[in-house]
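Data first, discussion second: the structure below is written as structure tokens.
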Amino acid sequence: MPKITVLPHAEILPQGKEIEVPPGTSICEALLENGIKIEHACDMVCACTTCHVIVRKGYDSLNEPEEQEEDLLDKAWGLEPQSRLSCQAIVAREDLTVEIPKYTINHAKENH
């Protein structure tokens, strides 16, 4: 099974984490199923940018982004060429390294 290495994030995951996930899983689902509380305000339907991640390794192994995702990414904080919405990025068979950006454009966080 491919591994996802999540780089440290000051609030969400200070120590970082490495997880194994089955191919065909979205990055967002994989993170949530492994206790990594990435924001996903639209419930993973490609309607916001709160689950934005930067794929530092393995970007080319992911499915191609669709136009709707690309349009939304233009609004994401800290956009980079390897940015993806984690709810739309499907894990293949290659290991990934992802970074969760420091900020999102979510104005209302739950449980805060």
Side-chain angles (χ1 to χ4, degrees):
M1 274 201 291
K3 292 184 287 188
I4 299 177
T5 301
V6 184
L7 298 175
H9 182 284
E11 291 179 20
I12 298 172
L13 196 64
Q15 303 301 316
K17 191 170 187 177
E18 189 174 282
I19 58 176
E20 287 192 8
V21 300
T25 305
S26 75
I27 293 174
C28 190
E29 290 170 322
L31 299 182
L32 292 169
E33 288 170 3
N34 285 278
I36 302 168
K37 297 181 179 180
I38 189 168
E39 290 187 54
H40 56 289
C42 73
D43 287 328
M44 299 183 275
V45 298
C46 196
C48 71
T49 63
T50 60
C51 71
H52 168 226
V53 295
I54 302 163
V55 183
R56 297 291 183 200
K57 178 184 166 212
Y59 180 88
D60 291 336
S61 71
L62 299 170
N63 60 312
E64 290 286 323
E66 293 186 10
E67 186 175 344
Q68 181 180 3
E69 178 184 357
E70 289 177 335
D71 289 346
L72 282 169
L73 279 169
D74 288 340
K75 302 173 187 174
W77 184 91
L79 182 66
E80 293 191 17
Q82 301 85 13
S83 289
R84 289 296 304 265
L85 297 182
S86 66
C87 69
Q88 300 301 301
I90 306 300
V91 177
R93 299 199 177 279
E94 191 173 316
D95 293 347
L96 302 171
T97 299
V98 299
E99 178 180 352
I100 300 169
K102 186 174 182 178
Y103 301 107
T104 73
I105 62 169
N106 193 6
H107 297 289
K109 288 185 180 181
E110 294 182 20
N111 300 321
H112 288 222

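- No single ILVMFWY cluster, assembled from side-chain heavy atoms under 4.5 Å apart, contains both L73 and I100.
- Heavy-atom minimum distance, C46 versus C87: N-SG, 3.9 Å.
- Hydrophobic clustering (ILVMFWY, side-chain heavy atoms < 4.5 Å, transitive): I90 and I36 are in distinct clusters.
- Taken to the nearest 0.5 Å, the CD atom of E18 stands 4.0 Å off from the OG1 atom of T5.
- The salt bridge (Lys or Arg N to Asp or Glu O under 4.0 Å) pairs that include a residue from residues 63-72 are E69-R84, where partners are two or more places apart or lie in different chains.
- Taken from CG in L31 to NZ in K37, the straight-line distance is 13.5 Å, to the nearest 0.5 Å.
- With rounding to the nearest 0.5 Å, the separation of NE2 in H40 from OG1 in T50 is 8.0 Å.
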Report task. Just do the side chain to side chain contact (heavy atoms under 4.5 Å, CB included) check on S83 and H52 with the steps written out, would you? Result -> CA-CA 7 Å; S83 289; H52 168 226; 2.8 Å; yes
Report task. Take T97 and L7, measure what side chain to side chain contact (heavy atoms under 4.5 Å, CB included) needs, and give me the verdict at the end. Result -> CA-CA 7 Å; T97 299; L7 298 175; 3.8 Å; yes
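- With rounding to the nearest 0.5 Å, the separation of CG in L96 from CD1 in I4 is 5.5 Å.
- Taking all atoms of both residues into account, the shortest heavy-atom contact from C28 to I38 is SG-CG2, 3.9 Å.
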Query - Full working for side chain to side chain contact (heavy atoms under 4.5 Å, CB included) between I27 and V91 - result: CA-CA 6 Å; I27 293 174; V91 177; 4.1 Å; yes
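- With hydrogens and angles disregarded, a donor-acceptor distance shorter than 3.5 Å links the side chain of K17 to the backbone of N34.
- Distance alone, capped at 3.5 Å, is enough to place a donor-acceptor pair between the N63 side chain and the Q88 backbone.
- Under the 4.5 Å side-chain heavy-atom criterion for grouping Ile, Leu, Val, Met, Phe, Trp and Tyr, V6 is connected to V53 within one hydrophobic cluster.
- Grouped by direct or indirect side-chain proximity (heavy atoms under 4.5 Å, Ile/Leu/Val/Met/Phe/Trp/Tyr only), M1 sits alone.
- Grouping the Ile, Leu, Val, Met, Phe, Trp and Tyr side chains by contacts below 4.5 angstrom, directly or via other members, places V55 apart from L72.
- S26 approaches S86 most closely through the heavy-atom pair CB-O, 3.6 Å.
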Report task. Start with the C-alpha gap between R56 and E80, add the side-chain angles, then the distance that decides, and say whether side chain to side chain contact (heavy atoms under 4.5 Å, CB included) holds. Result -> CA-CA 10 Å; R56 297 291 183 200; E80 293 191 17; 2.7 Å; yes
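- Partners of P8 by side-chain contact (heavy atoms from CB on, under 4.5 Å), not counting sequence neighbours: none found.
- A single hydrophobic cluster is not seen to contain both I54 and I19; linkage of ILVMFWY side chains at heavy-atom distances under 4.5 Å, directly or through other members, places them apart.
- Across every non-hydrogen atom of A30 and V21, the tightest pair is CB-CG1, 3.3 Å.
- Across L62 and A89, no two heavy atoms sit closer than the pair CD1-CB, 4.0 Å.
- Looking at every heavy atom in both residues, I12 comes nearest to H9 through N-ND1, 3.0 Å.
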